> 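Before I ask anything, here is the structure I am working with.
Atom set for the values below is all heavy atoms of this structure, side chains included, hydrogens, waters and symmetry mates excluded. Bear in mind that the values here come from a model prediction, so they are computed numbers and not experimental data.
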Amino acid sequence: MSAAYKDDEEDWLTVCLKYLLFVFNFLFWVGGAAVLGVGVWTLVEKSDYLSLLASSTFAVSAYILILAGSLVVVTGFLGCCAVIREQKSCLSTYFFLLLFIFLIELVAGVLAYVYYQRLSDELKEHLNQTMTENYAQQGKDTITSAVDRLQQDFKCCGSNHSQDWMLSVYIRSEQSGNRVVPDSCCKTITPACGRRDHPSNIYKVE
């Protein structure tokens, strides 16, 4: 009788562990897919901004997200196989592996939060130098496009305000066509709108 009870108890624990791992596997798989998606989205949609950074911190972070997300997705698939086969040793290993990956992602998230302000300051500082020295210069088409897109996406003009452009090599050259700011500073872009014929049409005019 005790042996039968023991067998029933072991079967019950196995079933509970199986469903518990299914739940954990689903949550981690969704989390991994989300992290992978964010990493890919960052490289695809925000790749232009990489040229505005002095260091490769942003790009490296994106690749880490892709690596971590891929690892979780693959581990989730392997976990499903382990659950289906119902091998207790594999299931236990899989559970602790998921916990380990979760801790890694937690640490990565904390580091991302800590370095966010640093990255923001780096972008602002380097952006001002980029606008002054590289905007609309020969061989700097990627940077020029990135600055234009940045100003339109974030509805801004300059690193801090529109007067930042007064020191720009482009604005002070004949190439600017007497513009005070690039046309990408305009709320409604029209040819040569950067001449400030209508100052109210310029973002953050000070």
> Between OG of S176 and CD1 of I171, what distance do you get to the nearest 0.5 Å?
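Going from the OG atom of S176 to the CD1 atom of I171 covers 5.0 Å.
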> Shared ILVMFWY cluster between V73 and L67, side chains joined below 4.5 angstrom?
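No, it is not one cluster - the side chains of V73 and L67 are not joined through contacts under 4.5 Å.
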> Testing the basics here: between D164 and N160, what is the closest heavy-atom pair and its distance to 0.1 Å?
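Shortest heavy-atom contact: OD2-N, 2.6 Å.
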> Any chance you could measure T190, atom OG1, to R195, atom CZ, to the nearest 0.5 Å?
10.0 Å
> Main chain of N128, side chain of T132: is a donor-acceptor contact present, judged purely on distance under 3.5 Å?
yes
> State yes or no: are the ring centers of Y135 and W165 separated by less than 6.0 Å?
yes
> Write down the atom of C185, the atom of G158, and the distance for their closest heavy-atom approach.
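Closest pair (atom of C185, atom of G158, distance): SG-N, 4.4 Å.
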> How many angstroms lie between atom CD of Q175 and atom CD of Q137, to the nearest 0.5 angstrom?
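Q175 atom CD to Q137 atom CD measures 6.5 Å (nearest 0.5 Å).
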> If I compare all heavy atoms of D183 with all of P191, which pair ends up nearest, and what's the gap?
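That would be OD2-C, 4.4 Å.
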> CG/D148 to CD1/I143 distance, rounded to the nearest 0.5 angstrom?
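If I round to the nearest 0.5 Å, the distance is 12.0 Å.
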> Nearest heavy-atom pair of L36 and S70: which atoms, and what distance?
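That would be CD1-OG, 3.5 Å.
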> To the nearest 0.5 Å, what is the distance between OG (S159) and CD (Q129)?
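S159 atom OG to Q129 atom CD measures 11.0 Å (nearest 0.5 Å).
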> Under a 4.5 Å cut-off applied to non-hydrogen side-chain atoms, are I189 and Q152 in contact?
yes
> What residue among K140, M131, E133, R179 forms side-chain contact (heavy atoms from CB on, under 4.5 Å) with Y170?
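Exactly one candidate clears the test, R179.
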> State the CG-SG distance between N201 and C193, to the nearest 0.5 angstrom.
6.0 Å
